[in-house]
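This structure is a prediction, so every number in the text was calculated from the model and none was measured. So you know, we letter chains A, B, ... as the sequences are listed, proteins then strands, and number each from 1. Quick note: numbers below take in every heavy atom, side chains included, and nothing from hydrogens, waters or symmetry partners.
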Amino acid sequence: MRVYQGSGNTPGELQAQGCRGPQAMRVYQGSERMEIMGILETVKERKLFFDGGMGSLLQARGLKPGELPETWNISHPEILRQIHLEYLRAGSDEITTNTFGANGLKFGRDGAYSLERIVTAAVENAKAARESFRQEILEAGGPDAAQRAAAVCGYIGLDLGPTGKLLKPLGDLDFEDAYDLYKEVVLYGAWAGADFVLAETMSDGYEAKAAILAARENCDLPVCATMIFDSRGKLLTGGNVASTVALLEGLGVSMLGVNCGLGPVQMKEILREILEVASVPVIVNPNAGLPRSEDGKTVYDIDAAEFAGVMEEIADMGANVLGGCCGTTPEHIAGTVARCRNKKQTLPAPKDRTVISSYSQAVVIGSSPVLIGERINPTGKSKFKQALRDHDLEYILREGVTQQDHGAHVLDVNVGLPEIDEAAMLEEVVKELQSIVDLPLQIDTSDIGAMERALRIYNGKPLINSVNGKEESMAAVFPLVKKYGGVVVALTLDESGIPETAQGRIEIAKKIYRRAAEYGIQPKDILIDALCLTVSSDSKGALTTLETLRRVRDELHGRTILGVSNISFGLPQREIINAAFFTMAMQNGLNAAIMNPNSEAMMRSYYSFRALSDLDPQCGEYIAVYGGQTGSLGMSAAVGGRGGAETRFASQSGTGAAAGTGAGPGRQAADLSLFDSIVRGLKERAQEAARELLPARDSLSIINEEMIPALDQVGKGFEKGTVFLPQLLMSAEAAKAAFGVLKDHMSRTGEVRQKKGEIILATVKGDIHDIGKNIVKVLLENYDFDVIDLGKDVAPETVAQAAIERHVPLVGLSALMTTTVPSMEATIALLRKEAPWVRVMVGGAVLTEDYARTIGADRYCKDAMASVNYAEEVMAGVAQERGADGGTPQ
Amino acid sequence: MSGAASGGSGKCWNMEINVKETLRYLGYKGREADAAVMELVEACWAELETAAAVRSVYREYPLSVEGDFIDAWVFQTVSRDLAKNLRGCGRILLLAVSLGTGVDQLLKRYSRLQMSKAVVLQAASAAYLEDCCDGINASLKAEYGQKGLYLRPRFSPGYGDFSLECQRGILQSLEAGKRVGITLTDSLLMAPSKSVTAVIGLSRTPLNCAAEGCGECRKTDCAFRLE
């Protein structure tokens, strides 16, 4: 394990701040705790007991509303020690430090209440309580007093609570900033002598990942995590038990479980679900029932006796560690210890599940084949390559959503192209995809640096593509798999190439399993890629692949994966061969296929295989997908039953209020002109109409004579108040779709359409609402402006730098709240100083004409059309200047 | 008294009202939408139903109002508008409601892929959130009515001169982060975005004025003002 690496403080820096280093920590711990078994050993022997609530006990002793409980570590150490001591007397084997809310957002680096002092005092208080308890036993005397005192566990759990912020993209805290916040607490707590790290009350798997990584990378203590689930078994951010356990176990926690949010009764169902999937000891720390407040104080509805009664049931169900959370007291713990102390401890059996996850769902790779969409990959796709060069993320995101709509379970993500920064691009695409698609991702790259960056910020337990039998590959990839907790695709090739026989591939698979085990990676986290080469060059190739699949299943009891489409390379009508081979591969044990879910032939193989293999009870899914089709086999409408945006549209057309009032998006009147289809916002029809016009006319005349007039008409209607925002945008989208058709044509004919100029758009620092800015972007792009979209929460410096680099004539800024207008003002001021030629237009809910003038903007735009008009005005001015200068300003 | 509720599915939609409210937020001001937009509105409500996980929490605290100074136990502030709203109340309810992160995910998805749908969804989720708040309000009214207490119109930080700074105290006292998942950004915006905090005064006497809706608000040029 690597210790003390990562960004931020180095051990040297921290020692300079007067802290002990890791070596000192280990020596210290070793000398004091030599005689005590570690927490992970003890939990194997018997039920282990954690302590209970802290907050309510502090309130009872005078903590005021709004007062930070952690300050009491320093101002009232005697009270903290007393509470810890009471828990030890009650029978707790563990005491949790009072550091739930201790982080760098709330406590500074200096002063009497610095974070370092707060955390150190918290651990010192726990240690003092443990020592007092031992002394108490010795002083009381009696038989074996010395032995009993020495046997006091008193494990000190360093508490890491949530940061109180939501992580990006939904909130404003960066993943790495969350990591750094936790890292700081871990370093202080580990030096001070904590015995393990307890990340608890985590309601977001992504934040839990930051905390666990910070602990694993910056100390060598065991790390445990407990999450807060609601009564439906969901995290507040949408994850479920299966996805959360996959994530936590992947990240290498020693124990996991549930705390807070619910009482013990409601937690039983969550526990049952956890026990079904978990392979590590399980912790259950419930609240004392459900809360209510009386005169500003929170009270809970079940007493110690009732609590202990339910905890006994929980112990019998199989929980390994029992404790309490909000509202529980030493009395609750004492009752629980009394009832459960002599229960037999049974640790969860290791589960042979191959599982990956997204932020919200787990995908099990087992008997039913898993479909991995292959389309996010530039190989052989000139449009995709161009999208990468143009940084056109929307194109890539659409590829993802389309595959999901067609039934993919996982998306492969490969953005490797020699001329781009693959690591940066992969990180960005993974971040974007995981914020709009809830499928697990397969990180596909041969660049180890890119792989690590993507694995680090991935929100879940990923598939990793790939490792192979070469020593160099295994030495580079396995440490990443172990650290970030993925399932890895293992290609059966090595230094000698691809074996021609199945026997040769099996040998490599065995070697890979062996080497992986040395890194602590289990066979269940490896998918053996049996490799398929094109059958056109080797007529036995398919048979070799199929034999390998069978033997991995039957002899090695492993899981398999294939890039199915390779089989047909060089052949005509590749889909025919691909689909037949796919069926054969599934029949020979294939567990996961990297394939094209947009191919109807492939999906037919999949649904038929499931129906024929007892994987689709009563052929329910097959009938749901194909039941509506009559006559000959065309492309089915609603594949996969996932019902994406477009399919839902189609299925809902003609219902309710829409009936009888002209063409909705579901009914695209076949004879509408391009002009009319744009005015009415009909995307598909606009594309068709553009195609129909093309043979007879050139693209530019279609744009200038049909499309621009249509957009103008809609724009004028919007300004007059007869056309509303949704229609304006639907027209814009229809126009954009038609532009796409014309753009393809122009790239073939070499026609060029002059762009009007570049405009920077940004939502200002502190503001995370970007819908207004995005509306303006859609409109400006329609009117042929090149928009440089800097996104949301953008610092003034970033805007200024981009304005200088691109020498743009116009910047558009958006702010939603009064609290963020000051950063708009700051951005304008900086632009005036650094890029004085730039005009600034502003918009947003709180702005007015006067307000905009006060903060120094050139123009207040009340809506998107006003932005277009002002942009035209500015660019016309620029063009005039250029004419006068006889050159360009660049 | 306090309570926490969570739910999400099984909501009975009154589609007519949903559509009407959504269009109001979109600025239609009573005009009719065309068929394409109507379809979009209905599609958005269908998706909202699966994406939203409504969670709410409320707690009651002692209250004192002296002049424009308000002491609500967990926050203190000076606000003319809020003081007027709370005059005569001895207790106050703090309330937080959120549609959850799922709605924000959906908004983000369509912001990238189909802006027309994103703006309709934005309006629909605002209407949905308001509808949830009204529902909670109604049940609180019934609950407190039995004890002889009357509810004042709910009032949120940011209304009139009620400072957004009070968000911190309200959310902290409600433990909103772990109970309903609402967090604050540095600039005091709530995340997830489809969230509401509000205070509701409790008094022994009913208030005889039409303070519901937009009547009391001084922002008379608001595009969404209800007449």
Inset, instruction - Let me know if A/T237 has heavy atoms under 4.5 Å from chain B in its side chain, its backbone, both or neither. - result: both
Legend entry - Which atoms of A/Y359 approach chain B - backbone, side chain, both or neither, heavy atom under 4.5 Å: side chain
Legend entry - B/Q105 and A/D438, any side-chain heavy atoms less than 4.5 Å apart: no
Legend entry - Residue A/K234 excluded, over 12 heavy atoms near NZ under 6.0 Å: no
Legend entry - Approximate separation, where rounding is to 0.5 Å, of A/I771 CD1 and B/L121 CG: 8.0 Å
Inset, instruction - For the pair A/D172 (side chain) and B/D186 (backbone), establish whether a donor and an acceptor sit closer than 3.5 Å, ignoring hydrogens and angles. - result: yes
Inset, instruction - Let me know if A/D767 has heavy atoms under 4.5 Å from chain B in its side chain, its backbone, both or neither. - result: both
Inset, instruction - Could you look at B/S173 and say if it's the side chain, the backbone, both or neither that has a heavy atom under 4.5 Å from chain A? - result: neither
Inset, instruction - Output the option from A/D770, A/V778, A/L397 having the highest count of non-hydrogen pairs under 4.5 Å with chain B. - result: A/L397
Legend entry - Choice from B/L113, B/V120, B/L188 maximising heavy atom contacts with chain A below 4.5 Å: B/L113
Legend entry - Value rounded to 0.5 Å, distance of NZ in A/K736 from CD in B/Q114: 11.5 Å
Inset, instruction - Answer whether the closest heavy-atom distance between the side chains of A/V401 and B/R112 falls below 4.5 Å. - result: no
Legend entry - Rounded distance (nearest 0.5 Å) linking atom CD1 of A/I768 with atom CG of B/D104: 7.5 Å
Legend entry - Side chain proximity check, B/K178 to A/C326, heavy atoms < 4.5 angstrom: yes
Legend entry - Proximal component of A/T820, with respect to chain B [non-hydrogen, under 4.5 Å]: side chain
Donor-acceptor list for residues 720-730 of chain A side chains, cut-off 3.5 Å, not counting sequence neighbours:
{"from": "A/T722", "atom 1": "OG1", "to": "A/G717", "atom 2": "O", "distance (Å)": "3.2"}
{"from": "A/Q727", "atom 1": "OE1", "to": "A/F724", "atom 2": "N", "distance (Å)": "2.9"}
{"from": "A/Q727", "atom 1": "NE2", "to": "B/D34", "atom 2": "OD2", "distance (Å)": "3.1"}

Inset, instruction - Tell me, out of B/V119, B/V74, B/L94, who's got the most heavy-atom pairs with chain A below 4.5 Å. - result: B/V119
Inset, instruction - Select one option (side chain, backbone, both, neither) describing which atoms of A/I228 are under 4.5 Å from chain B's heavy atoms. - result: side chain
Inset, instruction - Nearest 0.5 Å please: distance from the CG atom of A/L167 over to the OG1 atom of B/T101. - result: 12.0 Å
Inset, instruction - Compare all side-chain heavy atoms of A/L236 with those of B/R179 and state whether any distance is below 4.5 angstrom. - result: no
Inset, instruction - Specify the closest pair of heavy atoms between B/A191 and A/G171, including all atoms of both residues, with the distance to one decimal. - result: CB-CA, 4.1 Å
Legend entry - Value rounded to 0.5 Å, distance of NE2 in A/H769 from OG in B/S111: 11.0 Å
Inset, instruction - State whether the side chain of B/S187 and the backbone N or O of A/T819 hold a donor-acceptor pair below 3.5 Å, judged by distance alone. - result: no
Legend entry - Approximate separation, where rounding is to 0.5 Å, of B/T185 OG1 and A/M817 CE: 8.0 Å
Inset, instruction - Look at the side chain of A/E733 and the backbone N and O of B/S116, then say whether any donor-acceptor pair between them is shorter than 3.5 Å. - result: yes
Legend entry - Residue part contacting chain B, namely of A/P169, when any heavy atom lies under 4.5 Å: side chain
Legend entry - Pick from A/T163, A/D204, A/T818, A/I436 with the largest number of heavy-atom pairs that fall under 4.5 Å of chain B: A/I436
